[in-house]
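Here is the naming used below: chain letters follow the sequence lines, and residue numbers restart at 1 for every chain. The structure presented is a predicted model; accordingly, all values stated were derived computationally and were not measured.
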Protein chains: 2
Amino acid sequence: MCYTWSMEKTLLQSSAHSVLIARCYSRDVLDLIADKWIALIFALLEKHPTRFNELQRAIEGISHKMLTQTLRNLERRGIVERKIIPTIPPAVEYSLSSLGTTLIPLMAALRQWAEEHMEEVEQAFQAYEEREEKA
Amino acid sequence: MCYTWSMEKTLLQSSAHSVLIARCYSRDVLDLIADKWIALIFALLEKHPTRFNELQRAIEGISHKMLTQTLRNLERRGIVERKIIPTIPPAVEYSLSSLGTTLIPLMAALRQWAEEHMEEVEQAFQAYEEREEKA
DNA sequence: CAGAATCCATAACGATACTG
DNA sequence: CAGTATCGTTATGGATTCTG
């Protein structure tokens, strides 16, 4: 295991964070959670357990494959739980684990920032393009 | 422009968020900010303006190309500012714009979650693998 | 030092078809 | 309905080289 930020600060008097260390597992975790599809999946799961097709219908533009893949990843990492309801045809319900619920505020904040600042970002982008054309 | 969540809620009595709409620009913004390299770059820039090579040295494992690309993206979207200091050889300093600073808490939270929960995630992953082997 | 540009491997993704 | 598997395309990212 790699050393954490607090350990490093104490032991080495350095200000480096462990996510800055390439081989630290926290880097993989960061890579896992810094993902737009997860932020969108959370928009649904934070409210109530949701079925596969319900998720796909709600999240416009996500492919069957990406949704399966992302859900499987989250399940493997202990962030979502998968419950099979033995009906015919079978239904599968996804929900947040207790670890997953600790991510709710973060994921909500990502979505919110995107929605709140989309105009600003769009304007900055257009302004940049205009500046480029002049140059 | 697409309609926002609040507009939709008011107009359509729907609970859909605008990030859930594929063509809404907020989706692009979400895609922009849900990125591990950005979270890591913020770890440096939130403290003080930083030069290109300083960033690359601090962020282990980021390639020259990815760093340029990510910084250029952030600059275009008005999140970071680029200041050329006319020395020989030239120095370039990156810093957060006022829009960029509004992202500081979010990016810090992503890094922190990753560091704080890496053991839990790792254990969940191993437990999952063991369960799979049995099956 | 900063960065643009090229080439190349491979990983991501979407579409499709097939199973319990 | 949920999920897996395969295929083909596009996008991503790294290594390298070249410039002000």
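Protein atom CD of A:Glu54 is 12 Å distant from nucleotide atom P of D:dC1, rounded to whole Å. Distance, B:Glu60 CD to D:dG14 C1': 17 Å, rounded to whole Å. Distance CG (A:Leu67) to P (C:dC13): 13 Å, rounded to an integer number of Å. Atom P of nucleotide C:dA2 and atom CG of B:Asn53 are separated by 4 Å, given to the nearest angstrom. We find that CD1 of A:Ile88 is positioned 16 Å from P of D:dG3, with the value rounded to whole Å. For A:Arg57 and D:dC1, the CZ to C1' distance is 10 Å, given to the nearest whole Å. If you take NE2 of A:His64 and P of C:dT19, they are 15 Å apart, rounded to a whole angstrom.
Under the side-chain contact (heavy atoms from CB on, under 4.5 Å) criterion, B:Ala108 pairs with B:Glu46, B:Arg111, sequence neighbours left out. Applying the side-chain hydrogen bond (donor to acceptor under 3.5 Å, both in side chains) rule to B:Gln112 yields the partners B:Glu116; only residues at least two apart in sequence or on another chain are considered. Not counting sequence neighbours, B:Ser98 has no partner by the side-chain contact (heavy atoms from CB on, under 4.5 Å) test. With sequence neighbours excluded, no residue satisfies salt bridge (Lys or Arg N to Asp or Glu O under 4.0 Å) with B:Glu81.
Of the possible donor and acceptor atoms, one in the side chain of A:Ser97 sits under 3.5 Å from a partner among the backbone N and O of A:Gly78.
Sorted by first and then second residue, the ring-ring contact (aromatic ring centres under 6.0 Å, His included) pairs with a member in residues 58-86 of chain B read B:Phe52-B:His64; sequence neighbours excluded. Within the structure, every pair that satisfies the ring-ring contact (aromatic ring centres under 6.0 Å, His included) test and touches residues 71-116 of chain A, not counting sequence neighbours, is listed here: A:Trp113-A:His117. Residue pairs satisfying the salt bridge (charged side-chain N to carboxylate O under 4.0 Å, His left out) criterion with at least one member in residues 27-40 of chain B, sequence neighbours excluded, are listed as follows: A:Asp31-B:Lys36, A:Lys36-B:Asp31. The salt bridge (charged side-chain N to carboxylate O under 4.0 Å, His left out) pairs that include a residue from residues 49-69 of chain B number zero, where partners must be two or more places apart or lie in different chains. Here salt bridge (charged side-chain N to carboxylate O under 4.0 Å, His left out) pairs that include residues 82-95 of chain B, with residues two or more places apart or in two chains, are B:Glu75-B:Arg82.
Direction change of the helix axis from one end of the helix from C:dC1-D:dG20 to C:dG20-D:dC1 to the other is 40°, with five pairs defining each end axis (rounded to 10°).
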Sub-3.5 Å pairs of nitrogen or oxygen atoms, protein against nucleotides 8-13 of chain D:
residue	atom	partner	partner atom	Å
D:dG13	N7	B:Lys65	NZ	2.9

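Residue B:Tyr94 places at least one side-chain N or O closer than 4.0 Å to OP1 or OP2 of C:dG3. Contact annotation: A:Arg51 side-chain N/O to D:dA2 OP1/OP2 distance is under 4.0 Å.
Of the residues in residues 71-84 of chain A, those with a non-hydrogen atom less than 4.0 angstrom from any atom of DNA chain D are A:Arg72, A:Arg82.
Contact check for B:Leu55 versus B:Ile62: no side-chain heavy atoms found under the 4.5 Å cut-off.
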